[in-house]
Every structure is written in structure tokens, then in C-alpha cells.
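Scroll down for the structure; my scribbles are underneath it.
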2 protein chains.
Amino acid sequence: MNVQQLVGRLRAEGHKLTPQRLAIIEALAQNRTHPTAYEIYAEVRSRYPMMGLATVYKTLDLLKDLGEVVETGFGTGGTRYEPNLHPHVNLVCRKCGRVVDVGLGEGIEDWRAKHEGRPTREARPPMQWVTEVASEVGFTIQGGHIEYFGVCATCNGEDKV
Amino acid sequence: MNVQQLVGRLRAEGHKLTPQRLAIIEALAQNRTHPTAYEIYAEVRSRYPMMGLATVYKTLDLLKDLGEVVETGFGTGGTRYEPNLHPHVNLVCRKCGRVVDVGLGEGIEDWRAKHEGRPTREARPPMQWVTEVASEVGFTIQGGHIEYFGVCATCNGEDKV
DNA sequence: TTGTGTGCAAAGCATTTGCAATACT
DNA sequence: AGTATTGCAAATGCTTTGCACACAA
């Protein structure tokens, strides 16, 4: 998620650029922790004390409509949000609700190729495949993710930190 | 999701097999529409009028803990549930909340191989890859899915039915 | 100036919880 | 018989909405 680019897009599509929106966008762009709406609210609020929680939800809604953010993680503590980057894998802990990224910039196929000693091919992330199939059934794709559920190291009691 | 097998597992792990639980399990096993908790409740209720909605939630919780069902679909109308089959792709409509399956029994690699005219190899769904990586960080995987968000044909106004 | 966006508070829902009654094992 | 499970209803908590005011364009 590129802040400059997104700001330009908002202008171009006739949305107003308010300090609140900018603050929320910046908070999202920097944050790698898949924050909840409330966490974004709390962070932004330290700089803009008059910020309302409803504004965070409304802005997140707008960004969802634009396909710039993606919702993630169920169960504990509400929906979490992340910038809509290239598809990657989220491990969602069903006990604490936290979300762990598993790097997948390379794409599954590349990983396999490396793993099996085959030569690495150009990455073809699942996104592309899905987009093709989806368009056949009239489905417009805005964003996506690969998500697995389980129990994280900390909640497993295997935490050594 | 095999009902017989699951019933056996419940017994083996010391859970009681009540008519309510069996009805919920059967409803889930037959249903291919990713029902919400309330939809399951409504369906089962037609056979067991005394069924309570809380029981549905409690049973779904149990099945989640056992890794037998997976939560799906955000946004509209609450969490949806599906049996934890082999990983496949869900297209989640952000307007109506409905979830469309994209067949992926074959696995992405097989699809690609066919598509590119290469010989089909044994399917290696992403699940396996993720499980390996996850275990390295102490994460226990219970289930997962690949999920994309967008707007379905009907909500796109392209519906011809 | 004009209409979109904000903030507050109230409303709306999905989900969870407490507890007495019930019924598997 | 003992204990997990049920069902109701109340409680909780996240998210949305209505509306008057503020402000970006």
C-alpha cells in the first residue's frame, strides 16, 4: 500500500482527503500487525484526539470498497485489517486472535521449485489463477488472502521469549 | 466431513453425542452453501423445534476446536461455516455475503500443469506447504482456506437467471 | 458555496455467558 | 448417579446509523 498513490486515487475518484483519512491510511501502511479497527483508532487518536471510532470504520469501509485493505482473522477480538498487498499466507491464532504472516512474495510455485531442486520459474501467485476462474463466473475480485487457523507458539505454551 | 467418522471421534474423545449435535453435524455435512450459525439453527429447528441458537454456537465451537469446521466469509450477515475439507478457494461477495466455491480438488499445481500442457503431477495443495512452514514457528494448524473478496455476478448486475 | 466527511450517541446484530433443568454414558 | 450439555434470556461487544456541525474542494 503506497500512501502517495492511494492519496492520488482518492482525489481522482472524487473522495475528500481529510486529516483523519490520511492518518488512518498512514497508520495502516506502517502497521505490520493486522490491527483491529479499535487499535487503529487508539493509535491515530494519540495524534488526533478528536478522532471518532465511527470515522475509522467508515474509512475502512471506503478502503475496502476500493480494494485497498483486506479483512482478516476471526474469532477473538473482532475483524483485523491489512493493506491489500500481494497474496500471502496468514496464520490466525484461534486462542489469542493474533495473525502471523508467512512470507510468500516468491509464490508457492517458486517455493516448491526451490524445495525440490527444480529451477525457479517466474512466480505465478494463486491470485492470478483465481482471477481468471472468477471472471468466468462473473465475480469481480478486489483482494484476497490465504488463511490458516490454529494455535500459535505462545498459546501452545511453547513460547520461549 | 464424514459423519460416521466424526461421531466416532466425539465418542473417543469423551464428548457426548446428543441429538442436537448429530443434527448440526448432519446439516453441515450435507450443506454446500456455507451456512451461518443462524441458518444452521433454522434448518435443524424444523426437525428439532426445541433447538436453541446457543447450542448451535456451542457445537460449532466444539467442531472448530476439533478442526472439523472452518470459518469463512466476512462482512455481511455474520460468520459462515463449512466442513474442513481439502483446501479450496472461496469467493466471498462483499455485498450479499454469499460464498462461492471454486473447485480446487486437483490442487493449483495440477490446474497449472493442465493449463500449460505439462503432464499432471500428484496434487500438492498449499496446505502441506503451509503446515511445514507453520511448524517451524511453533504454530499448530487446524484448518485453512484460500479466500478472495469481491462482488458476485448477481450483485454486479450481470445476473441472467 | 456545496456537499462530503466527522463525531457523538444511540441502535442493531452476532455471539457469548450464567444457570437451572435435562439427558447422555 | 454423575456430569456434560441444553435452552432460555440477559449480557457483551463489535459495527453501523442518524443527525447536526465542520470543513475540503
Side-chain angles (χ1 to χ4, degrees), chain A residues 6-25 27 34-42 44-66 69 71-81 94-97, chain B residues 6-25 27 34-42 44-66 69 71-81 92 94-97 99:
Chain A
L6 181 44
V7 166
R9 187 175 173 198
L10 288 178
R11 284 193 203 289
E13 301 188 15
H15 301 287
K16 290 184 180 169
L17 184 64
T18 63
Q20 290 91 333
R21 281 185 178 169
L22 186 57
I24 291 167
I25 289 169
H34 311 268
T36 61
Y38 190 89
E39 284 165 357
I40 295 169
Y41 165 70
V44 173
R45 192 172 224 252
S46 63
R47 274 185 292 157
Y48 298 85
M50 74 299 293
M51 165 75 68
L53 180 54
T55 300
V56 175
Y57 277 106
K58 285 169 186 167
T59 300
L60 286 172
D61 247 26
L62 173 64
L63 295 177
K64 276 191 290 180
D65 283 338
L66 297 174
V69 300
E71 297 167 303
T72 300
F74 296 91
T76 311
T79 308
R80 293 172 176 274
Y81 297 84
R94 288 205 37 243
K95 289 204 175 148
C96 65
Chain B
L6 181 45
V7 166
R9 187 176 172 195
L10 287 177
R11 284 193 203 287
E13 301 186 15
H15 302 285
K16 290 183 179 169
L17 185 63
T18 64
Q20 289 92 332
R21 279 184 179 169
L22 186 57
I24 291 167
I25 290 169
H34 312 268
T36 61
Y38 189 87
E39 285 165 358
I40 295 169
Y41 165 69
V44 173
R45 194 170 222 252
S46 64
R47 273 184 292 156
Y48 299 85
M50 73 299 291
M51 164 76 67
L53 180 53
T55 301
V56 175
Y57 277 107
K58 284 168 186 166
T59 301
L60 287 172
D61 247 26
L62 172 64
L63 295 176
K64 277 190 291 179
D65 283 338
L66 297 175
V69 300
E71 296 166 304
T72 300
F74 298 93
T76 311
T79 308
R80 293 170 175 277
Y81 298 84
V92 182
R94 290 206 34 244
K95 290 204 175 148
C96 66
V99 180

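Letters A, B, ... mirror the listed sequences (proteins, then strands); counts begin at 1.
A donor-acceptor distance shorter than 3.5 angstrom exists from the side chain of A:Arg80 to the backbone of A:His34, with no hydrogens or angles considered. With hydrogens and angles disregarded, a donor-acceptor distance shorter than 3.5 Å links the side chain of A:Arg9 to the backbone of A:Leu66. No donor-acceptor pair closer than 3.5 Å links the side chain of B:Thr55 to the backbone N or O of B:Met51.
One can place CZ of A:Arg45 at 10 Å from P of C:dG7, the figure rounded to the nearest angstrom. Separating the CG atom of A:Leu62 from the C1' atom of C:dG5 is a distance of 11 Å, rounded to the nearest angstrom. Rounded to whole Å, atom P of D:dC14 lies 11 Å from atom CD of A:Glu39. Distance B:Leu10 CG to D:dA4 C1': 13 Å, rounded to the nearest Å. When the P atom of D:dT15 is taken as reference, atom NZ of A:Lys64 falls 9 Å away, rounded to whole Å. Remark: P of C:dA14 and CZ of B:Arg80 are 11 Å apart, rounded to the nearest angstrom. The distance from atom CG of A:Leu60 to atom C1' of D:dT16 is 13 Å, rounded to the nearest whole Å. For the pair A:Ile24 CD1 and C:dG7 C1', the interatomic distance rounds to 12 Å; values are reported in whole Å.
At least one side-chain nitrogen or oxygen of B:Tyr57 sits closer than 4.0 Å to the OP1 or OP2 atom of C:dT15. Note on B:Thr79: a side-chain N or O is less than 4.0 Å away from OP1 or OP2 of C:dT15.
In the displayed structure, A:Arg11 atom CZ is contacted under 6.0 Å by at most 12 heavy atoms of other residues, nucleotides or ligands.
Checked for salt-bridge contact, A:Lys58 and A:Asp61 miss the test: no charged N lies under 4.0 Å from a carboxylate O.
Taking for each of A:Leu53 and B:Tyr81 the nucleotide of DNA chain C with the nearest heavy atom, the 5'-most of the two is the partner of A:Leu53. Nearest-nucleotide mapping onto DNA chain D: of B:Arg21 and B:Ala54, the residue sitting toward the 5' end is B:Arg21.
Shown here for A:Ala37 and A:Val56, the closest heavy-atom pair between the two residues is O-CG1, 3.6 Å.
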If the sugar-phosphate is the primed atoms plus P, OP1 and OP2 and the base is the rest, what is the B/S/- string for nucleotides 20-25 of chain D, using protein heavy atoms under 4.0 Å? ----BS

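Exactly one of B:Thr36, B:Ile24, B:Leu53 qualifies for a side chain to side chain contact (heavy atoms under 4.5 Å, CB included) with B:Tyr41. That residue is B:Leu53.
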Can you list the steps and then say if B:Leu62 with B:Leu10 is a side chain to side chain contact (heavy atoms under 4.5 Å, CB included)? CA-CA 10 Å; B:Leu62 172 64; B:Leu10 287 177; 4.1 Å; yes

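Between B:Tyr81 and B:Glu71, the closest side-chain pair of non-hydrogen atoms falls below 4.5 Å.
Rounded to 10°, the angle separating the first-five-pair axis and the last-five-pair axis of the helix from C:dT1-D:dA25 to C:dT25-D:dA1 equals 50°.
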